[in-house]
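Working notes, beginning with the structure itself.
Because the structure is predicted, anything quoted here is derived from the model rather than measured.
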Amino acid sequence: MKKGTVVIIGAGIAGLSTAYYLVNQGWNVQIIEQNTLDNNCSYGNAGMIVPSHFTPMASPGMISQGIRWMFDKKSPFYVRPSLNFNLMDWGFKFMRYANKNHVSAHVEPLRDLNVYSSQLYDSLSQDSAFNFELEQNGIMMLYKTKSVEYEEKELAKRAQELGLDVEIKTAEEMQALESGVKIDILGGILYKCDGKLNPMKLMKQLVSYLKSRGVIFHEQTKVKGYNILGNKIKEIVTDKGNYAGDEFVLCPGSYLMELTNKLHLKLPLMPGKGYSFMYTPPTHVKLEHAALLLEAKVAVTPMDGKIRFGGTMELGSPNNKIYKNRVEGIVNSIPKYLKNLSVDYPKQDIWYGYRPCPPDGLPYLGRTSKYDNVTIAAGGGMMGLSLGPAMGKSISDILSNRKIETNISVFSPDRFG
Ligand SMILES: Cc1cc2nc3c(=O)[nH]c(=O)nc-3n(C[C@H](O)[C@H](O)[C@H](O)COP(=O)(O)OP(=O)(O)OC[C@H]3O[C@@H](n4cnc5c(N)ncnc54)[C@H](O)[C@@H]3O)c2cc1C
């Protein structure tokens, strides 16, 4: 027996994962997506599954580092100066949360949600409908400087205390893991708890699977507002008509505030633009593991026989421009770590997406107390792909009155009031 109708707004990894668990728990599911089903932040990202990311982005050191980067036009972090009130408000809040107490209060719930999600990816990959190149073979964190070495070793020790499978390695030990590339580093950390997948394949296969299970997609349909009755949304208003439902799940990625402001909910969030591109290496070059080039903040992921490079974080309102300096920053950093890779500035197919970044670095996950039938799964920031299945499963468990597997109370959508 069907449980009722759930309307999900947004067909990114958060929305599709939510639909996956809901349809399998017997709900009627409809997904409203303003674009077509082939591009959003969930398609072109670096594909890393990261229990290693157990510290929120708002952490000590980020402010001074961020200010230093602001004056370097090829740096991995940039805030486009503007009189945007949301951006200023976000900045003040970020500064308030970038402290040790905030970090230590949230490492365990973030670790648990990430580890749970990684396990859910394992289960998903067992289903014969899916083959998205999941490899849980670890991510290499590579560093070149003494200062980053100190920070990363401290972090690795904390990860070990938290029970994560992590090994501190010398440069030679790292090189021994990768015979097909010449690595030039001071040392590295191998997060064996991490993994990688092909996000494009994952997203396409999820869409096909959901369609085969009767999920209805309303593409190129933009949610504009709501018809509300008492404490409930009765229907959502779109540019193509209204859609009624019993439950409404908001998974709109970086566009969250457009939707929550109309519900008078306070969920601050800024889009963090990042770029990626594919590189076809020469046949003698082979990379086994995904890697993060730490000082440069560049992600390197073997994918589909090629290598995907990704990076930069430009905070500000979305725009369609590709800032060449930022992409050059990624390109120029590669041979500093991976000696025998000669990567030119990509001539075409530079992809960009907007990470949904809350100022405290924590996702928004759960039911809002302000409405009886609204839940939110958004704000995954730099780990939104990684957290997708855990966010989706948690929402479906809330709606089906089942036990939620990890403590998500700290991710409450009500935490800013
Ligand atoms: C360069 C780069 C590398 C990254 N690498 C990784 C990584 O390795 N690992 C990781 O975990 N994360 C990574 N991320 C982050 C990750 O990609 C995002 O956090 C994640 O994809 C966000 O998913 P989402 O479903 O919340 O949002 P999205 O994927 O953006 O989906 C939201 C959808 O909602 C739709 N929508 C919004 N508003 C409306 C509306 N009003 N009506 C209808 N539809 C609407 C949008 O069109 C969009 O399709 C990376 C990001 C970037 C930019």
Legend entry - Pairwise side-chain contact, Glu108 with Phe54, heavy-atom cut-off 4.5 Å (strictly under): no
Inset, instruction - Flag the pair Asp414 and Arg367 as a salt bridge only when some basic side-chain nitrogen lies within less than 4.0 angstrom of an acidic carboxylate oxygen. - result: no
Inset, instruction - Kindly state whether the ring of Phe411 and the ring of Tyr364 have centres lying under 6.0 angstrom apart. - result: no
Inset, instruction - Could you tell me whether Glu133 and Lys201 make a salt bridge, using a distance below 4.0 angstrom between a side-chain N and a carboxylate O? - result: yes
Legend entry - Side-chain donor-acceptor contact under 3.5 Å, Gln136 with Asp122: yes
Inset, instruction - Can you see which heavy atom on Pro199 is nearest to which on Arg308, and at what distance? - result: CG-NH1, 3.7 Å
Inset, instruction - Please indicate whether Lys306 has more than 12 foreign heavy atoms, meaning atoms of other residues, nucleotides or ligands, lying under 6.0 Å from its NZ. - result: no
Inset, instruction - Taking the side chain as every heavy atom from C-beta outward, state whether Leu22 and Ile8 have any atom pair closer than 4.5 Å. - result: yes
Inset, instruction - Using only heavy-atom distances, determine whether the side chains of Glu178 and His289 contain a donor-acceptor pair under 3.5 Å. - result: yes
Legend entry - Lys222 bridged to Glu258 by N-O distance under 4.0 Å: yes
Legend entry - NZ/Lys370: more than 12 non-hydrogen atoms of other groups inside 6.0 Å: yes
Inset, instruction - Please check if the side chain of Ser42 supplies one atom and the backbone of Ile13 the other of a donor-acceptor pair under 3.5 Å. - result: yes
